[in-house]
There are 2 protein chains.
Amino acid sequence: MNNEEKYESLKLCNQVCFPLYACSKEIIRKYKPFLDEIDLTYTQYITMMVLWEKKSVNVKTLGESLYLDSGTLTPVLKKLESKGYINRERSNEDERNLVVTITKEGENLRDKAISIPAKMGTCVKLSLEEVQCLYNLLYKIIGNVR
Amino acid sequence: MNNEEKYESLKLCNQVCFPLYACSKEIIRKYKPFLDEIDLTYTQYITMMVLWEKKSVNVKTLGESLYLDSGTLTPVLKKLESKGYINRERSNEDERNLVVTITKEGENLRDKAISIPAKMGTCVKLSLEEVQCLYNLLYKIIGNVR
DNA sequence: TATAATTAAATAGTATTCAATTATTTTGTC
DNA sequence: GACAAAATAATTGAATACTATTTAATTATA
């Protein structure tokens with residue numbers, strides 16, 4: 001086996017994770033100007049998405065929804081609290097749990113965010129079938145990896 | 001239109017970027033134990049991939065290959081230099097350019113890394129066709145987004 | 001009931017990202 | 001050809017994110 005062949009598997013062009021990593025970051029970069037308008041980072045945005053749907057959730061459950069642990073979420077939630085979009089308080093039943101609840105202001109933000117998904121859709125420029133295929137493959141990997 | 005419909009596009013389950021983001025991070029998390037063995041972060045690893053192939057490259061070009069800007073690369077490269085895997089020096093022709101060159105130690109690291117792609121392949125558990133499909137979609141998005 | 005094990009979140013340290021700055025080279029104009 | 005303006009490349013600093021460790025609360029077991 002020559003040298004070229006031996007190291008083939010370590011070439012950047014033969015990686016699948018790399019375009020995943022790159023693609024994820026490029027898209028989040030595309031989100032930035034839209035998210036700047038409502039003063040949220042991408043992580044804050046997906047956190048708000050969960051809260052817009054559920055209204056109230058503890059950090060553990062939130063982390064399971066977002067695949068993020070408390071080490072990442074704690075500062076994100078403190079930031080969202082300081083912006084007035086959420087409240088954080090310990091559960092009475094189990095003091096270990098911190099319950100996060102959306103505020104009126106947090107609810108209001110939803111209407112400002114509502115145009116973002118459509119704007120992003122025009123950046124990605126995939127057909128509906130392609131998006132569906134990608135979506136399924138990604139969740140399949142997530143299921144396999146965990 | 002009822003409330004449910006109105007906000008449909010903001011639901012986490014209707015996002016394509018989110019599973020991309022989550023998947024990317026989950027896979028990188030899977031890399032971690034393997035990369036720990038050779039004391040590299042994922043970013044350092046893909047940087048070394050380029051250098052294993054090209055031996056020498058300037059920061060600009062490296063950034064284009066990795067979709068990373070110099071603000072991200074500068075600390076990564078300083079770290080790799082401190083580990084003895086690369087040398088950094090300004091180009092003579094154009095002092096603005098910093099040329100990064102792999103060292104003997106950097107070359108040696110390649111043999112320690114060689115088993116990683118196969119180990120990762122078993123985590124992802126996709127068929128060859130699925131991997132190919134994913135790969136093409138991801139690069140298509142990257143092409144569209146930039 | 002006391003102790004060990006488990007669970008949940010916070011903290012601390014490191015890595016990564018983005019915006020602004022510095023240094024160098026190139027371009028355009030007189 | 002000399003000079004200012006524009007463009008280019010990398011660094012710095014501040015903010016954000018990630019991982020491992022710690023702290024606090026609860027549950028299970030001896």
Side-chain angles (χ1 to χ4, degrees), chain A residues 18 21-36 39-48 57-83 86-100, chain B residues 18 21-37 39-48 57-83 86-101:
Chain A
F18 171 69
Y21 167 80
C23 195
S24 164
K25 284 190 306 161
E26 289 298 316
I27 294 190
I28 289 170
R29 210 166 282 163
K30 275 283 174 184
Y31 265 106
K32 187 145 204 311
F34 305 131
L35 292 176
D36 278 350
D39 189 31
L40 291 183
T41 65
Y42 183 73
T43 315
Q44 291 166 9
Y45 175 61
I46 58 176
T47 301
M48 288 308 296
V57 70
N58 65 30
V59 175
K60 178 83 188 324
T61 311
L62 185 59
E64 283 164 0
S65 304
L66 298 175
Y67 306 99
L68 294 173
D69 75 359
S70 68
T72 303
L73 284 175
T74 296
V76 169
L77 295 171
K78 284 183 176 172
K79 194 79 191 190
L80 288 173
E81 183 181 45
S82 78
K83 291 179 183 179
I86 63 167
N87 286 133
R88 298 161 68 244
E89 57 180 331
R90 293 280 167 181
S91 163
N92 288 336
E93 295 96 59
D94 185 338
E95 289 280 338
R96 289 172 305 181
N97 284 284
L98 187 99
V99 180
V100 180
Chain B
F18 171 68
Y21 167 78
C23 194
S24 163
K25 283 190 309 163
E26 289 298 317
I27 294 191
I28 288 169
R29 212 166 280 162
K30 276 282 173 182
Y31 265 105
K32 186 144 204 314
F34 305 131
L35 291 177
D36 278 351
E37 289 177 31
D39 189 32
L40 291 183
T41 65
Y42 184 72
T43 315
Q44 289 165 11
Y45 175 60
I46 57 176
T47 302
M48 288 307 297
V57 70
N58 66 30
V59 174
K60 179 83 187 322
T61 311
L62 185 59
E64 283 164 359
S65 304
L66 298 175
Y67 305 99
L68 294 173
D69 76 358
S70 66
T72 302
L73 284 174
T74 296
V76 169
L77 295 172
K78 283 183 177 174
K79 194 79 190 190
L80 288 173
E81 183 181 46
S82 77
K83 291 179 183 180
I86 62 166
N87 287 132
R88 298 162 68 245
E89 57 180 331
R90 293 281 167 181
S91 163
N92 288 336
E93 296 95 60
D94 186 339
E95 288 281 335
R96 289 173 305 181
N97 285 284
L98 187 98
V99 179
V100 180
T101 309

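From a predicted model like this one, the values you see are computed outputs, not experimental measurements. Worth knowing before you read on, the calculation uses all heavy atoms, side chains too, and leaves out hydrogens, waters and symmetry mates.
Of the residues near DNA chain C, V99(A) and E93(B), the one whose nearest nucleotide (by heavy atom distance) lies more toward the 5' end is V99(A). Ranked by how close their nearest DNA chain D nucleotide is to the 5' end, D36(B) and E95(A) are led by D36(B). Residue T74(A) is the one, among T74(A) and K32(A), whose nearest nucleotide of DNA chain C lies closer to the 5' end (criterion: closest heavy atom).
Atom NZ in K60(B) sits roughly 16 Å away from atom C1' in dT11(D) (whole-Å rounding). Protein atom CG of L98(B) is 16 Å distant from nucleotide atom P of dA23(C), rounded to whole Å. Taking atom CG on D39(B) and atom P on dA20(D), their separation rounds to 13 Å, with Å as the unit. For the pair K79(A) NZ and dA10(C) P, the computed distance is 16 Å after rounding to whole Å. Protein atom CG of L40(B) is 10 Å distant from nucleotide atom P of dT16(C), rounded to whole Å. Between the P atom of dT24(C) and the CG atom of N97(B) lies a distance of 13 Å, rounded to the nearest Å. Rounded to a whole Å, the OH atom of Y31(B) is 18 Å from the C1' atom of dC18(D). In this structure, N58(A) places its CG atom 15 Å from C1' of dT26(D), rounding to the nearest Å.
Under the 4.5 Å side-chain criterion, counting only non-hydrogen atoms from C-beta, V99(B) is not in contact with R90(B). Contact of the F34(A) side chain with the Y45(A) side chain is not registered, since no non-hydrogen atoms from C-beta on lie closer than 4.5 Å. In this structure the side chain of K25(A) never reaches within 4.5 angstrom of the side chain of Y67(B), judged on heavy atoms. No side-chain heavy atom of L35(A) sits under 4.5 Å from any side-chain heavy atom of T41(A).
Under the 30°/60° scheme for interplanar angles, the aromatic rings of Y42(B) and Y21(A) are found to stand perpendicular.
For dC18(D), neither phosphate oxygen OP1 nor OP2 lies less than 4.0 angstrom from any side-chain nitrogen or oxygen of R29(B). In this structure, T41(A) does not reach the dA15(D) phosphate: none of its side-chain N or O atoms is under 4.0 Å from OP1 or OP2. Contact annotation: R88(B) side-chain N/O to dA9(D) OP1/OP2 distance is not under 4.0 Å. Contact between the side-chain N/O atoms of K25(A) and the OP1/OP2 oxygens of dA17(D) is not found at any separation under 4.0 Å.
If you check dC18(D), dT11(C), dT11(D) against the side chain of R90(B), the one that comes closest is dT11(D). Closest to the side chain of D94(A), from the set dT11(C), dA25(D), dA10(D), is dA25(D). Distances from the side chain of K78(A) to the nucleotides dT26(D), dA10(C), dT25(C) place dA10(C) closest. The listed nucleotides are dT16(C), dA25(D), dA7(D); the one nearest the side chain of R96(B) is dA7(D). Of the candidates dT11(D), dT19(D), dA9(D), dT19(D) carries the atom nearest the D69(A) side chain, counting heavy atoms from C-beta on.
Between K78(B) and E81(B) there is no salt bridge, since no side-chain N of the basic residue sits under 4.0 Å from a carboxylate O of the acidic one.
Contact of T43(A) with dA17(D) (side chain to base): no donor-acceptor pair of N or O atoms is detected under 3.5 Å.
Using a 4.0 Å heavy-atom distance criterion, T72(B) is classed as a base contact. No contact: L73(A) has no heavy atom under 4.0 Å from any strand.
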